[in-house]
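Report on the following structure.
All chains are named by letter (A, B, ...) in the order of the sequence lines, taking the proteins before the strands, and each is independently numbered beginning at 1.
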Protein chains: 2
Amino acid sequence: MNISAAAKASGLPVKTVRYYADIGLVDAPSRSEAGYRSYDDVAVRKLVFARRSRAFGFSIEECRELLGLYQDQDRTSSEVKRIASKRLEEIEVKQRELQSLHDALAHLVTSCRGDHRPDCPIIDYLG
Amino acid sequence: MNISAAAKASGLPVKTVRYYADIGLVDAPSRSEAGYRSYDDVAVRKLVFARRSRAFGFSIEECRELLGLYQDQDRTSSEVKRIASKRLEEIEVKQRELQSLHDALAHLVTSCRGDHRPDCPIIDYLG
DNA sequence: CCTAATCTCTCCAGTAACTGGAAGGTCAAG
DNA sequence: CTTGACCTTCCAGTTACTGGAGAGATTAGG
């Protein structure tokens, strides 16, 4: 499988597939005689794993850790759960931050008339 | 006012104060004979404005736009409201994304036993 | 007045995770 | 044989700073 097929199969952009091998997130693929990267199903499965993990907001380093656990037959589920729980907490923190941001901005937006006149509570608040 | 006093007064790190002038977000301050940057209250107020706008998640470019409106006596409140509403929508999109992410990950985390055994629904899902 | 500590300056590099583009080699179809 | 799609490497840019080096300025204490 050439890189574009692997990209399609994994759901990642070609550039990203190359990048993930460059930084060692996944193994460097073997090469054809002409130097083309060659992917097999196992490699694609790891790319899919990386994509899904990233979609959950895990950082590259966390993906690296998760991929390590993915490939480790002896890992315990508690190791995985620890990482996922940490990420879940981060999400919850972010949600609270976003909520208060939302409320404050929504308040300003609704209190601004948004007409042709210059007086504006949004600007007043920021300044 | 030297830069550290302006930083303290505005609530921004010294590095950031310098940075904001470097990129032209705020005016370049005048200099002392020795080349030290010198800030007045007006400059500090703009720095505060920038800090608050950033805290609302406005990008530097949006801050630039907002600061322009802040300094423009003739702007209408509708111009400001348009930018703020756009940002508010972005926040709401992000909130929804985060919510579904949260729900999916929370589901996985609760369904994972987190014990010493290797079978783990989180890994199963990602792989 | 000297010295040590604290500020300040500029410039360079690094962060996270890609993304875009240039210059050039390869492959399959017609 | 040529065209077009694909592949390669390498370099640069993105966002919004942040850290640090090396050097000059200022201030407080003795």
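Listed for the S85(B) side chain is a donor-acceptor partner under 3.5 Å among the backbone atoms of K81(B). Without hydrogens or angle criteria, R75(A) side chain to V80(A) main chain gives no donor-acceptor distance under 3.5 Å. Put simply, the side chain of K46(B) never gets that close to the backbone of V26(B): no donor and acceptor are under 3.5 Å apart. A donor-acceptor pair under 3.5 Å is formed between the side chain of E79(A) and the backbone N or O of T76(A). For R37(A) (side chain) and R31(A) (main-chain N/O), no donor-acceptor pair under 3.5 Å exists by modelled atom type.
Counting only residues at least two apart or on different chains, no ring-ring contact (aromatic ring centres under 6.0 Å, His included) pair has a member in residues 83-115 of chain A.
Rounded to whole Å, the distance from CD on E33(B) to C1' on dG24(D) is 15 Å. Atom CG in D22(B) sits about 13 Å away from atom P in dC12(C), given to the nearest Å. Atom NZ in K15(B) sits roughly 12 Å away from atom C1' in dG14(C) (whole-Å rounding).
Between E90(A) and K86(A) there is a salt bridge, since a side-chain N of the basic residue sits under 4.0 Å from a carboxylate O of the acidic one.
For the OP1/OP2 pair of dA16(D) and a distance below 4.0 Å, the side-chain nitrogens and oxygens of T16(B) include no atom meeting the criterion. Between Y19(A) and the phosphate of dA16(C), there is no side-chain N or O to OP1/OP2 separation shorter than 4.0 Å.
Judged by distance alone, the side chains of Q95(A) and Q95(B) never bring a donor and an acceptor atom under 3.5 Å apart. S78(B) and D115(A) share no donor-acceptor pair across their side chains, judged by distance under 3.5 Å alone.
Less than 4.0 Å separates DNA chain D from at least one heavy atom of each of the following residues of residues 50-69 of chain B: R54(B), S59(B), I60(B).
The side chain of R18(A) has dT9(D) as its nearest neighbour among dT9(D), dA25(D), dT8(C).
Looking at which nucleotide of DNA chain C each of A34(B) and P13(A) is closest to, the 5′-most match is held by A34(B).
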Using atom names, set out every protein N or O paired with an N or O of nucleotides 2-7 of chain C below 3.5 Å, distance rounded to 0.1 Å.
from: dC7(C); atom 1: O2; to: Y36(B); atom 2: OH; distance (Å): 3.3

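As judged by a 4.0 angstrom heavy-atom cut-off over every strand, R37(A) is placed among residues touching the sugar-phosphate backbone only.
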